[in-house]
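Small disclaimer: the values here were computed from a predicted structure and weren't measured. When a ligand or atom number is given, it counts from 1 through the structure's own listing order. Just the heavy atoms: all of them, side chains too, but no hydrogens, waters or symmetry mates, feed the values below.
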Amino acid sequence: MSITPLMPVYGRCEFRPVRGDHCHLIGEDGRRYLDFAAGIAVNILGHSHPGLIGAIQRQAETLMHVSNLYGSPQGERLAQRLVDLTFADTVFFTNSGAEAVECAIKTARAYHQHGGNDHKFELITFNNAFHGRTMGTISASSQEKMHKGFLPLLPGFRYVEFDDLDAAKAAIGPNTAGFLLEPIQGEGGIRTASDSFMHGLRALCDEQDLLLVLDEVQCGVARSGTFYAYEQYGIEPDILATAKGIGGGFPLGACLATEKAARGMVVGTHGSTYGGNPLAIAAGEAVLDAVGNEEFLAEVRALGDRLRGRLEQFIGNYPELFELVRGRGLMLGVKMKVEPRAFVAHLRDSHQLLTVSAGDNTLRIVPPLVIDDGHIDEFMDKLSAGAASYAAVEAPVS
Ligand SMILES: Cc1ncc(COP(=O)(O)O)c(C=O)c1O
């Protein structure tokens with residue numbers, strides 16, 4: 001038998017982390033790595049955060065799991081906090097981002113079907129989007145590499161160019177239920193939707209009774225410098241999927257919706273055995289305790305500005321490697337002139353710096369949100385040493 005016990009769907013590298021220490025990871029061999037990947041934008045409080053550990057420990061000793069058939073004082077509390085912090089009136093808790101997006105898709109379809117418009121089931125989605133790996137969420141993405149081997153896709157999605165309002169408008173037809181998009185595309189390469197695009201989509205939704213569904217699984221929960229990225233556009237969605245950072249590393253996601261958008265989500269229409277169990281909720285509460293306040297968000301913006309400024313200054317030293325810096329808050333990307341995966345591996349293996357590659361040749365920088373200026377200095381030192389050694393040996397002269 002040649003298959004590995006872990007189903008071989010990931011191209012795992014040789015780094016094998018066994019312990020976390022604030023913004024560093026320690027490998028099996030004892031080496032320390034600066035973690036500016038944060039489990040792909042998950043560990044927003046870093047590793048070994050005392051508040052998060054304490055909350056999980058206390059809750060594990062008290063009550064770990066009960067059925068959603070019972071009342072949930074824990075879930076009600078966290079849902080109320082999210083309602084207070086956002087556009088939403090109601091929340092469904094999930095265990096992952098893809099499940100949060102699935103719930104968002106179902107909520108959008110149910111809105112129209114509850115209103116007697118059974119034909120309005122199609123969501124317009126955007127090229128290079130990533131919404132997860134379930135059948136529904138791969139069907140929502142135009143990326144053929146995720147479809148291969150899993151056909152047929154689910155019907156009900158139409159793809160158009162990201163940030164192209166005319167294309168989005170032209171795609172609206174009798175079956176359209178709404179738009180589903182990431183305000184800042186993560187896997188797609190840290191590509192930020194423009195103000196005019198977001199305002200245009202909101203206006204189209206208002207005019208034509210369509211739903212604006214945001215996937216803030218990656219850019220949400222303080223990462224972009226506001227609690228959710230939509231706040232920076234001065235618009236509100238009807239439905240929003242959130243996950244990753246909201247559990248700080250514990251599996252937790254949620255689908256948030258207005259009362260109107262959630263009109264079809266009545267008893268018996270949706271469910272999850274584990275979704276919103278007390279342990280996950282305790283993690284979510286500890287995360288909100290830390291990040292759900294303006295002081296923390298202002299610090300993320302300030303750190304993001306400083307890191308971005310340093311990156312913008314730095315990339316000019318290697319015009320053969322780097323093109324530009326983009327993103328918001330501590331969700332930054334450096335568009336590279338070379339394929340970024342080998343550079344990410346070089347930073348990791350030769351300089352003990354963890355980053356992630358993303359689409360459109362992007363080096364993705366999504367550190368814990370609790371970094372300080374010392375971590376930014378360490379990051380820039382490692383990045384510059386990595387670029388120097390990479391440019392000397394590997395980079396083709398363009
Ligand atoms: C924008 C976005 N949506 C959905 C997902 C899927 O989340 P999960 O892997 O938790 O299912 C991701 C994961 O990277 C994501 O970045």
Please say whether V101 places an N or O atom under 3.5 Å from an N or O atom belonging to ligand 1.
no
Atoms of ligand 1 less than 4.0 Å from V217 heavy atoms?
2 (C), 3 (N), 4 (C), 5 (C), 7 (O), 12 (C), 15 (C)
Backbone, side chain, both or neither: what part of E187 comes under 4.0 angstrom of ligand 1, heavy atoms only?
side chain
Can you tell me if K244 has a non-hydrogen atom under 4.0 Å from ligand 1?
yes
Ion pair R310/D377, N-O distance below 4.0 Å
yes
Does the protein put a heavy atom less than 4.0 Å from atom 8 (P) of ligand 1?
yes
Between Q74 and E285, what is the shortest heavy-atom contact and its length?
O-OE2, 4.5 Å
For S96, the ligand 1 atoms with a heavy-atom partner under 4.0 Å come out as 10 (O), 11 (O)
List the closest protein heavy-atom neighbour of atom 10 (O) of ligand 1: residue, atom name, distance to the nearest 0.1 Å.
G97 N, 2.8 Å
CA sep, side-chain torsions, deciding dist, call: T137, E102, side-chain hydrogen bond (donor to acceptor under 3.5 Å, both in side chains):
CA-CA 7 Å; T137 54; E102 286 282 348; 4.6 Å; no
Check each heavy atom of E182 against ligand 1 and say whether those closer than 4.0 Å belong to the side chain, the backbone, both or neither.
side chain
Y390 vs H346 aromatic rings, parallel, tilted or perpendicular, using cut-offs 30° and 60°?
tilted
Closer than 4.0 Å to some heavy atom of Q218 - which atoms of ligand 1 meet that?
14 (O), 16 (O)
Mode of A98 contact toward ligand 1 - side chain, backbone, both, neither (heavy atoms, under 4.0 Å)
both
Check if D215 has a non-hydrogen atom at a distance under 4.0 Å from any atom of ligand 1.
yes
Cation-pi between R109 and F121: NZ/CZ under 6.0 Å from ring centre and within 45° of the ring axis?
no
Suppose we call two aromatic rings close when their centres sit under 6.0 Å apart. Are H119 and H112 close by that rule?
no
May I ask you to decide whether K337 forms a salt bridge with E320, counting only side-chain N to carboxylate O separations under 4.0 Å?
no
Given D89 and K260, is the salt bridge (Lys or Arg N to Asp or Glu O under 4.0 Å) satisfied, shown in steps?
CA-CA 9 Å; D89 301 312; K260 182 179 173 198; over 6 Å; no
